[in-house]
A.B. asks: 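I am attaching a structure below and will ask some questions about it afterwards.
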Amino acid sequence: MLLRDALGETLRDARTRQNRTLRDVSHAANVSLGYLSEVERGRKEASSELLASICAALEVQLHDVLNTVSAALSNDQAHAELLRSQPVADHRNGSLQPAGGSNKNNVKNGSKNSNDAVLRIVVPYGKTRGGKEVALA
């Protein structure tokens, strides 16, 4: 998660909890409606002056917004680390492998860097989403 995404989510959440429109907050913050929308969607990086203006319009403290954003980023990082540490079923041999792949598998697959990420997509054998049989070559 990027900082601008977490910041946008936090600002949007504060605005919607107050049942306020983008138009209302953008007018109170003296920011264009389109720009505020882009900030809330994480598409624009807001300056510190802009953040202070939006927070004042929302009647929330900037430090509270930044604490919420910090917690969201910490939770996202912790979740990513948890996913990397969880074993993934290797259906080729029925064993469990670390999520990033083991060093042995990376070397076997021709990779020299043990930090190379391994992407595995698991598809139910012989089935598609609609439950139709798939011919495997």
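A quick note: this is a predicted structure, and the numbers were derived from the prediction, not measured.
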A.B. asks: Treating Asp24 as the side-chain partner and Arg20 as the backbone partner, does any N or O pair qualify as donor plus acceptor under 3.5 Å?
C.D. replies: no
A.B. asks: I need the minimum non-hydrogen distance between Ala6 and Met1, along with the two atoms involved.
C.D. replies: CB-SD, 3.5 Å
A.B. asks: How many angstroms lie between CG in Leu11 and CZ in Arg4, if you round to the nearest 0.5 Å?
C.D. replies: 14.5 Å
A.B. asks: With a 6.0 Å cut-off (strictly less than), is the heavy-atom count around CG of Asp64, excluding the residue itself, greater than 12?
C.D. replies: yes
A.B. asks: Rounded to the nearest 0.5 Å, what separation is found between the CG atom of Leu22 and the NE2 atom of His27?
C.D. replies: 14.5 Å
A.B. asks: Could you go through Val39 and Leu7, starting from their C-alpha distance and side-chain angles, then the distance that decides it, and tell me whether this counts as side-chain contact (heavy atoms from CB on, under 4.5 Å)?
C.D. replies: CA-CA 8 Å; Val39 168; Leu7 191 57; 5.6 Å; no
A.B. asks: Side chains of Leu33 and Glu38, heavy atoms from C-beta outward: is any pair under 4.5 Å?
C.D. replies: no
A.B. asks: State the CG-CZ distance between Asp13 and Arg15, to the nearest 0.5 angstrom.
C.D. replies: 10.0 Å
A.B. asks: At their closest point, which heavy atom of Glu45 faces which heavy atom of Tyr35, and how far apart are they?
C.D. replies: O-OH, 3.2 Å
A.B. asks: Between Leu73 and Leu2, is there a shared hydrophobic cluster once you connect ILVMFWY residues whose side-chain heavy atoms come closer than 4.5 Å?
C.D. replies: no
A.B. asks: Do Leu50 and Leu36 have side chains that get closer than 4.5 Å, going by heavy atoms?
C.D. replies: no
A.B. asks: Once you round to the nearest 0.5 Å, how far does CZ of Arg23 lie from OG of Ser32?
C.D. replies: 11.0 Å
A.B. asks: Are any of the side-chain heavy atoms of Glu9 and Glu40 separated by less than 4.5 Å?
C.D. replies: no
A.B. asks: Report the residues that fulfil side-chain contact (heavy atoms from CB on, under 4.5 Å) with Ala29, sequence neighbours left out, ordered by chain and then residue number.
C.D. replies: Val31, Ser53, Ile54, Ala57
